[in-house]
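Residue numbers start at 1 and run along the sequence shown.
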Amino acid sequence: DRSVLLREHPDVAPYVRRYVGADEYINNERVRYCLWLAGAQPTVWNKCPFIKDRIARVADCRRRSSKADTRRWAQYNTLFTENRQPSSDYLIVPSVSSEKRRYVPMGFLPRDVIASNLALTIDGATEYHFGVLTSSVHMAWMRLVCGRKENRYRYSVSIVYNSFPWPGTSKMRQIQQTARRILKVRELHSDCSLAALYDEAAMPPDLRQAHIENDRVVLSAYGLKATATEEEIVKALIVRDQAIQGTQNGSAAI
């Protein structure tokens with residue numbers, strides 16, 4: 001459909017965007033697209049029968065919904081019912097990932113790639129944020145507090161991300177450097193999906209080493225040794241979280 005549309009109406013290319021959820025991002029086995037008409041003028045669809053037909057079908061589908069709010073959205077048939085799309089390039093975190101992976105695969109996407117509701121988007125994230133979030137420290141926290149879908153990890157904003165006790169900024173530059181190394185190594189394996197790269201039984205040695213170095217620096221930002229066990233990491237995070245909560249409540253020890 002995309003190929004036919006762009007062959008017949010090449011001028012609508014800016015409104016045909018790649019659409020990515022957890023599965024598409026991790027496995028890269030299929031590429032999906034959507035019509036993103038936010039901010040578009042009516043001339044975009046009035047002169048294109050394909051788009052006009054699609055938005056008419058969207059309106060019809062919404063009108064037949066059993067949910068009142070969805071029916072209300074039938075009058076806004078050129079828009080997604082939720083627009084959580086970041087305004088800049090962003091960090092994407094899959095909402096569901098295999099429990100067999102040591103790290104939840106995450107990374108940066110350009111702002112013109114539309115993220116589905118099956119992924120967390122962090123607008124304006126830096127390499128520092130990526131380095132901390134992809135570390136063994138954050139993964140330990142995620143495994144402690146996250147929900148589960150069957151046995152798979154279910155990452156959420158409220159339960160995992162918002163509750164995570166971040167380190168100080170003393171190691172920010174070093175974390176940026178190790179995070180950048182992970183991203184560069186991934187580029188060397190760009191022909192592989194993230195599912196293949198993060199297969200614990202077959203992770204490329206250079207990628208594993210890049211993660212080990214990143215883990216070491218992030219652990220040191222929490223005052224932990226590189227040899228810290230997951231149990232030790234969790235204990236340290238709980239203590240840090242309690243200290244943060246105590247400070248916010250005005251009950252921190254002097």
Can [Y] be reached from [X] by stepping across I, L, V, M, F, W or Y side chains whose heavy atoms are under 4.5 Å apart?
| X | Y | result |
| --- | --- | --- |
| Leu6 | Ile114 | no |
| Met203 | Leu188 | no |
| Leu109 | Tyr33 | no |
| Ile212 | Ile182 | no |
| Val4 | Leu35 | no |

Least distance between heavy atoms, [X] atom then [Y] atom:
| X | Y | result |
| --- | --- | --- |
| Ser163 | Asp241 | O-OD1, 3.9 Å |
| Phe108 | Ala125 | CE2-O, 3.4 Å |
| Tyr198 | Arg101 | O-CG, 3.6 Å |
| Ile244 | Pro165 | CD1-CB, 3.9 Å |
| Tyr103 | Ser136 | CE2-N, 4.0 Å |
| Leu91 | Phe130 | CD1-CD1, 3.8 Å |

At what distance, to the nearest 0.5 angstrom, does [atom1] of [X] lie from [atom2] of [Y]?
| X | Y | atom1 | atom2 | value |
| --- | --- | --- | --- | --- |
| Glu231 | Ile233 | CD | CD1 | 11.0 Å |
| Trp141 | Arg240 | CH2 | CZ | 11.5 Å |
| Asp215 | Ile175 | CG | CD1 | 10.5 Å |
| Asp89 | Asp112 | CG | CG | 8.0 Å |
| Asn77 | Arg54 | CG | CZ | 13.5 Å |
| Arg18 | Arg2 | CZ | CZ | 10.5 Å |

Side chain to side chain, [X] and [Y], heavy atoms closer than 4.5 Å:
| X | Y | answer |
| --- | --- | --- |
| Val137 | Leu219 | yes |
| Tyr19 | Glu24 | no |
| Val44 | Thr78 | no |
| Ser65 | Trp73 | no |
| Leu120 | Ile92 | no |
| Tyr76 | Thr81 | no |
| Phe164 | Val132 | yes |
| Val93 | Val160 | no |

Option from Arg62, Arg64, Arg57 for which salt bridge (charged side-chain N to carboxylate O under 4.0 Å, His left out) with Asp60 holds: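 The residue from Arg62, Arg64, Arg57 that satisfies salt bridge (charged side-chain N to carboxylate O under 4.0 Å, His left out) with Asp60 turns out to be Arg64.
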
Keeping [X] on the side-chain end and [Y] on the backbone end, is there a donor-acceptor pair under 3.5 Å?
| X | Y | value |
| --- | --- | --- |
| Tyr128 | Thr169 | no |
| Arg84 | Ser116 | yes |
| Thr229 | Glu232 | yes |

Modelled atom types, side-chain donor and acceptor of [X] and [Y], under 3.5 Å:
| X | Y | value |
| --- | --- | --- |
| Asn27 | Ser193 | no |
| His138 | Ser135 | no |
| His9 | Tyr15 | no |

Thinking salt bridges, do [X] and [Y] make one under a 4.0 Å N-O criterion?
| X | Y | value |
| --- | --- | --- |
| Glu187 | Lys184 | no |
| Glu127 | Arg180 | yes |
| Arg72 | Asp69 | yes |
| Arg143 | Glu230 | yes |

Sequence neighbours excluded - side chain to side chain donor-acceptor pair (under 3.5 Å) pairs with any residue from residues 34-48: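 Sorted pair list: Asp11-Lys47.
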
Would you say that more than 12 heavy atoms from the other residues, nucleotides or ligands in this model lie under 6.0 Å from the [atom1] of [X], or not?
| X | atom1 | result |
| --- | --- | --- |
| Arg111 | CZ | no |
| Arg173 | CZ | no |
| Arg102 | CZ | no |
| Glu82 | CD | no |

Full working for side chain to side chain contact (heavy atoms under 4.5 Å, CB included) between Met106 and Leu133: CA-CA 9 Å; Met106 59 184 75; Leu133 293 176; 3.7 Å; yes

Aromatic ring pairing Tyr161/Trp166, orientation class (parallel under 30°, perpendicular over 60°, tilted between):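 If you compare the ring of Tyr161 with that of Trp166, the planes turn out perpendicular.
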
Test side chain to side chain contact (heavy atoms under 4.5 Å, CB included) applied to Lys171 and Val218, step by step: CA-CA 8 Å; Lys171 300 289 184 179; Val218 175; over 6 Å; no

Salt bridge (charged side-chain N to carboxylate O under 4.0 Å, His left out) between Arg208 and Glu200, worked out: CA-CA 9 Å; Arg208 187 179 296 280; Glu200 187 55 28; 3.0 Å; yes

Derivation of the side chain to side chain contact (heavy atoms under 4.5 Å, CB included) call for Leu194 and Arg186: CA-CA 9 Å; Leu194 289 173; Arg186 281 190 192 175; 4.0 Å; yes

Stepwise side chain to side chain contact (heavy atoms under 4.5 Å, CB included) test for Tyr153 and Arg148: CA-CA 5 Å; Tyr153 303 132; Arg148 300 278 177 159; 3.2 Å; yes

